S.K.: 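The structure follows.
This structure is a prediction, so every number in the text was calculated from the model and none was measured. FYI, the numbering just counts along the sequence from 1.
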Amino acid sequence: MLLSLIALLSAALLASAAPPTCYSRVLSLSKEITESFKELQTSKDVDSCVETLPRLYLDIHNYCVLAKLRDFVAYPRCDTVVEVNELKEKARSLYTILISYCRRDLVFLTDDCNALEIPIEHSITES
């Protein structure tokens with residue numbers, strides 16, 4: 001009985017320790033980037049150039065997310081702000097994952113670039 005319990009608990013631990021799928025990694029990183037961008041926009045301790053940054057509301061189901069990430073990473077201002085550089089590095093990582101590692105695993109449901117200009121409600125991204 002004790003061995004059965006140990007085997008069951010071990011199996012449960014191994015199942016939860018499985019590596020993330022491409023989709024789950026991209027989804028979690030996009031949420032992390034969006035939240036960091038929102039925090040950066042509302043922070044009072046950050047340089048005023050942050051107000052001029054391109055908006056960064058990500059939906060990985062929207063094909064325009066690739067262009068949005070490229071534009072954000074290439075934005076020439078705010079290079080002296082550490083938080084912006086960190087956010088650009090995360091955006092660069094997400095872009096790389098999207099175009100290389102997960103290229104065949106993702107399905108884009110829309111290509112509405114204007115939809116990425118407003119904050120996303122948690123309807124599509126959490127399903």
S.K.: For the residue pair L69 and L58, establish whether any side-chain heavy-atom pair is separated by less than 4.5 Å.
M.R.: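 Yes, close enough: below the 4.5 Å cut-off.
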S.K.: Where the side chain of K88 meets the backbone of Y75, is there a donor-acceptor pair that is under 3.5 Å apart?
M.R.: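 Yes; at least one donor-acceptor contact below 3.5 Å.
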S.K.: Does F108, at its CZ atom, have more than 12 non-hydrogen atoms belonging to other residues, nucleotides or ligands within less than 6.0 Å?
M.R.: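 Yes - once you tally the heavy atoms of other residues, nucleotides and ligands closer than 6.0 Å, there are more than 12.
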S.K.: So how far is it from Y63 OH to L98 CG, rounded to the nearest 0.5 Å?
M.R.: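 That separation rounds to 10.5 Å.
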S.K.: Between atom OG of S30 and atom CG of N62, what is the distance when rounded to the nearest 0.5 Å?
M.R.: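 That separation rounds to 11.5 Å.
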S.K.: Mark yes or no for whether K68, through its side chain, and R55, through its backbone, hold a donor-acceptor pair below 3.5 Å.
M.R.: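 It does hold such a pair.
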S.K.: What distance do S93 atom OG and L29 atom CG have between them, rounded to the nearest 0.5 Å?
M.R.: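 CG of L29 is found 6.5 Å from OG of S93.
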S.K.: In Å and rounded to the nearest 0.5 Å, what is the CD to OG distance from E39 to S43?
M.R.: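 E39 atom CD to S43 atom OG measures 9.0 Å (nearest 0.5 Å).
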S.K.: Side chains of N85 and D79, heavy atoms from C-beta outward: is any pair under 4.5 Å?
M.R.: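 They are in contact (side-chain heavy atoms under 4.5 Å apart), so the answer is yes.
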S.K.: How many angstroms lie between atom CZ of F72 and atom NZ of K90, to the nearest 0.5 angstrom?
M.R.: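 That separation rounds to 11.0 Å.
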S.K.: Quick one: closest heavy-atom pair of V81 and C49, and the distance?
M.R.: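 Between these two residues, the closest heavy atoms are CG2-SG, 3.9 Å.
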S.K.: Do L87 and I33 make a side-chain contact, defined as non-hydrogen atoms from C-beta onward lying under 4.5 Å apart?
M.R.: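 In contact.
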S.K.: Contact between Q41 and L56 at the side-chain level, heavy atoms closer than 4.5 Å - yes or no?
M.R.: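 SC-SC contact between Q41 and L56 ruled out.
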S.K.: Side chains of E117 and Y57, heavy atoms from C-beta outward: is any pair under 4.5 Å?
M.R.: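 They are not in side-chain contact.
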S.K.: Contact between E32 and E35 at the side-chain level, heavy atoms closer than 4.5 Å - yes or no?
M.R.: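 E32 vs E35: side chains apart.
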S.K.: Can you tell me how far NE2 of H61 sits from CG of D111, rounded to the nearest 0.5 angstrom?
M.R.: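 One finds 14.5 Å between CG of D111 and NE2 of H61.
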S.K.: Let me know which of L66, V26, I99, V73 forms a side chain to side chain contact (heavy atoms under 4.5 Å, CB included) with L94.
M.R.: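 Result for side chain to side chain contact (heavy atoms under 4.5 Å, CB included) with L94: V26.
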